[in-house]
Amino acid sequence: MDNQTLVEHTEELSKWIENAYERYQKGKAEEEYPTYDFYKDIQPTVVEYDKQMEQWLTASIAFIHQVKPKYLHQEQLEAVQENGKEIVLQSYFGKLHATRVKNLVESVTYTLNLLIEEIRKKRS
């Protein structure tokens, strides 16, 4: 995956996280959390997220091994994969406390933005 495609893919994942967080907040704001069909709503979303994330993770790890940025490491990218999946799942169930979900979103968003910065620095 070239650097421009990696930036686009990273921005797309950032939108996935934003949308999931909005769904979580909307569900928490309602009196009763909405009910989603597992096979129609949740499973396809998680499968698509996993597929997108796997491609992104492979390309991102290759990029950081090549460029060796000072403040971005493989463990952070792997945490993005895990935390992002947790955010997507919680957006349907709302079982975690709002503070925890907010912290996960901020952590994932920070790392995604840091990766985009590093890629853009490399192009300059």
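- Scanning both residues, Phe38 and Pro44, for their nearest heavy atoms gives O-CD, 4.1 Å.
- Around NZ of Lys28, the count of heavy atoms belonging to other residues, nucleotides or ligands within 6.0 Å exceeds 12.
- Interatomic distance, Ile116 CD1 to Asn3 CG, rounded to the nearest 0.5 Å: 12.0 Å.
- Taking both residues in full, the closest heavy atoms of Leu89 and Phe93 are given as O-CD1, 3.1 Å, listed atom of the first, atom of the second, then distance.
- The side-chain heavy atoms of Trp56 and Met1, taken from C-beta on, include no pair separated by under 4.5 Å.
- For the 3.5 Å distance criterion, the side chains of Tyr21 and Gln25 qualify, holding a donor opposite an acceptor.
- Between the NE2 atom of His9 and the CD1 atom of Ile119 there is a distance of 11.0 Å, given to the nearest 0.5 Å.
- Looking at Leu96 and Leu104, their side chains come closer than 4.5 Å, going by heavy atoms from C-beta outward.
- The heavy-atom pair separating Val108 from Gly84 by the smallest distance is CG2-N, 3.9 Å.
- The ring pair (Phe, Tyr, Trp, His ring centres under 6.0 Å) contacts involving residues 61-84 comprise nothing, where partners must be two or more places apart or lie in separate chains.
- Side-chain contact between Lys85 and Met53: absent, with no pair of heavy atoms (C-beta onward) separated by less than 4.5 Å.
- One N or O on the side chain of Thr58 and one on the backbone of Glu54 form a donor-acceptor pair closer than 3.5 Å.
- Across Pro34 and Gly27, no two heavy atoms sit closer than the pair CD-CA, 3.8 Å.
- Linking ILVMFWY side-chain heavy atoms closer than 4.5 Å, directly or via other members, places Leu13 and Val47 in two distinct hydrophobic clusters.
- With Ser91 contributing its side chain and Val88 its backbone, the two residues share a donor-acceptor pair below 3.5 Å.
- Taking CD of Gln90 as the start and CZ of Arg100 as the end, the distance is 9.5 Å to the nearest 0.5 Å.
- For the atom pair Arg120 CZ and Leu115 CG, the distance stands at 10.5 Å (nearest 0.5 Å).
- Atom-to-atom distance recorded for Thr109:OG1 and Ile87:CD1 is 7.0 Å, nearest 0.5 angstrom.
- Side-chain contact check for Glu8 versus Glu12: every heavy-atom pair is 4.5 Å or farther apart.
- Among residues two or more places apart in sequence or in another chain, the ring-ring contact (aromatic ring centres under 6.0 Å, His included) test is passed with Tyr36 by Tyr92.
- Shown here for Glu78 and Leu57, the closest heavy-atom pair between the two residues is N-CD1, 4.0 Å.
- With values rounded to the nearest 0.5 angstrom, Glu117 atom CD is found 12.0 Å from Leu112 atom CG.
- For the ring-ring contact (aromatic ring centres under 6.0 Å, His included) test, residues two or more places apart in sequence or in another chain that qualify with Tyr49 are Trp16.
- Without hydrogens or angle criteria, Tyr33 side chain to Lys95 main chain gives no donor-acceptor distance under 3.5 Å.
- Side chain of Ser107 to backbone of Asn103: no donor-acceptor contact under 3.5 angstrom is found.
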With salt bridge (Lys or Arg N to Asp or Glu O under 4.0 Å) as the criterion, how do Lys121 and Glu118 come out once you've worked through the C-alpha distance, each side chain's angles and the decisive distance to 0.1 Å? CA-CA 5 Å; Lys121 267 195 239 177; Glu118 291 296 335; 3.3 Å; yes
